[in-house]
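Only this structure's heavy atoms are used, side chains among them; waters, hydrogens and symmetry mates stay out. Ligands are counted one by one from 1 in listed order, and the atoms in each one are counted from 1 as well. Keep in mind that what you see is a predicted model, and the values were worked out from it rather than measured.
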Amino acid sequence: MKRIAVVNDLSGLGRCSLSAALPVLSVMGLECCPLPTAVLSNQTGYDSFSCCDLTDGMGAYLAEWKKRGVRFDGFLTGYLASVRQVQHIEALLDGFQTPQSIFVCDPVMADDGRVYDTYDDALCRAAMRLARRANVITPNLSELCLLCGAAYDALAACAQDGDFSKPAALARSLLSERLHTVVVTGLRHGGEISCVLVTKTGETVVTGRCYGGSYSGTGDLFSAALTGELVRGTDAETAVRRTVRFLEASIADSFRAGTDRNDGVDFQTHLEMVL
Ligand code: PXL
């Protein structure tokens with residue numbers, strides 16, 4: 001069975017991070033091995049939360065994995081709480097990444113042109129360093145701009161009109177021998193939301209209907225389903241199409257049910273879509 005190491009937190013409520021990756025990758029027939037960065041009562045969008053930071057334990061955790069001689073076919077990283085966590089992820093990659101494995105990095109840093117409050121300059125630099133080691137990245141438009149040193153506003157205005165030529169060109173400029181796939185996510189225009197997939201061989205826009213605002217955990221569900229597909233050997237375009245359909249169905253249900261955005265989306269009833 002193929003095995004994927006997923007570095008993320010475990011949040012008791014919010015259907016995000018490891019609570020999203022574990023069911024999705026398991027249903028796909030893959031072994032999801034969590035490297036938890038923190039345990040929270042609920043994701044941080046709610047009014048309050050408890051958090052137990054596990055950074056200090058990450059080194060010993062990895063040392064045990066190394067002792068066992070475990071091999072991974074894929075790696076997935078997302079939200080980062082500190083530069084020290086990035087250093088542990090780099091140790092994970094140093095110890096286990098192979099030419100055959102796929103590292104998918106969701107370079108979480110910003111949204112709507114604003115860097116998240118919890119990301120200072122040092123953490124952004126570390127997140128970008130990590131993204132440079134990836135084979136696949138899934139930035140939103142704000143993160144793409146940070147990765148490329150580009151200004152956000154003009155690009156966002158074009159994207160809102162459904163013109164994705166500039167994000168596609170920026171994504172292409174990031175491709176390297178190692179980084180072969182960039183998926184720019186969450187491009188809203190009119191009543192739709194698109195992803196732009198850029199690979200060495202082409203560009204594709206995949207569009208779904210957009211329901212309501214943004215829901216907790218959708219980025220984590222997206223990166224988990226995409227990673228699972230790519231590790232299973234699905235081509236990038238099919239992988240993105242299936243992932244977008246899965247998210248679209250899950251978000252549609254939550255929208256119709258009036259689910260609070262903090263509670264995440266009703267993906268559990270659509271897991272057969274990624275079986
Ligand atoms: O889904 C992203 C995410 C993951 N983990 C925690 C979060 C969030 C988003 O707010 O708070 C703890």
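Which parts of ligand 1 touch C16 is read off a 4.0 Å heavy-atom cut-off, strictly below it: atoms 1 (O), 4 (C). Ligand-side atoms of ligand 1 in range of G217: 1 (O), range being under 4.0 angstrom from any heavy atom. Listed by number with element, the atoms of ligand 1 under 4.0 Å from a non-hydrogen atom of L40 are 12 (C).
Using a 4.0 Å cut-off between a side-chain N of Lys or Arg and a carboxylate O of Asp or Glu, D266 and R15 qualify as a salt bridge.
Taking any N or O of T44, backbone or side chain, at least one lies under 3.5 Å from an N or O belonging to ligand 1.
Under a cutoff of 6.0 Å and an axis angle of 45°, K66 and F96 form a cation-pi pair.
Distances from ligand 1 to the non-hydrogen atoms of S17 include at least one value under 4.0 Å. The shell of residues lying under 4.0 angstrom from ligand 1, judged by heavy atoms, includes S11.
Considering all non-hydrogen atoms of both residues, I4 and L30 come closest at CD1-CD1, 3.9 Å.
T37 and D9 are not linked by any side-chain donor-acceptor pair at a separation below 3.5 angstrom, with hydrogens and angles left out of the test.
If you take CG on L22 and CG on D220, they are separated by 11.5 Å, rounding to the nearest 0.5 Å.
Test V198, T199, V196 against R172 for side-chain contact (heavy atoms from CB on, under 4.5 Å) and you get one pass: V198. Tested against V274, the residues L25, T243, V27, L221 include a single side-chain contact (heavy atoms from CB on, under 4.5 Å) partner, V27.
In terms of protein heavy-atom proximity, atom 6 (C) of ligand 1 is closest to D9 OD2, 3.5 Å. Given atom 2 (C) of ligand 1, the protein heavy atom at minimum distance is D220 OD2, 3.4 Å. Remark: minimum distance from atom 10 (O) of ligand 1 to any protein heavy atom is reached at Q43 OE1, 3.4 Å.
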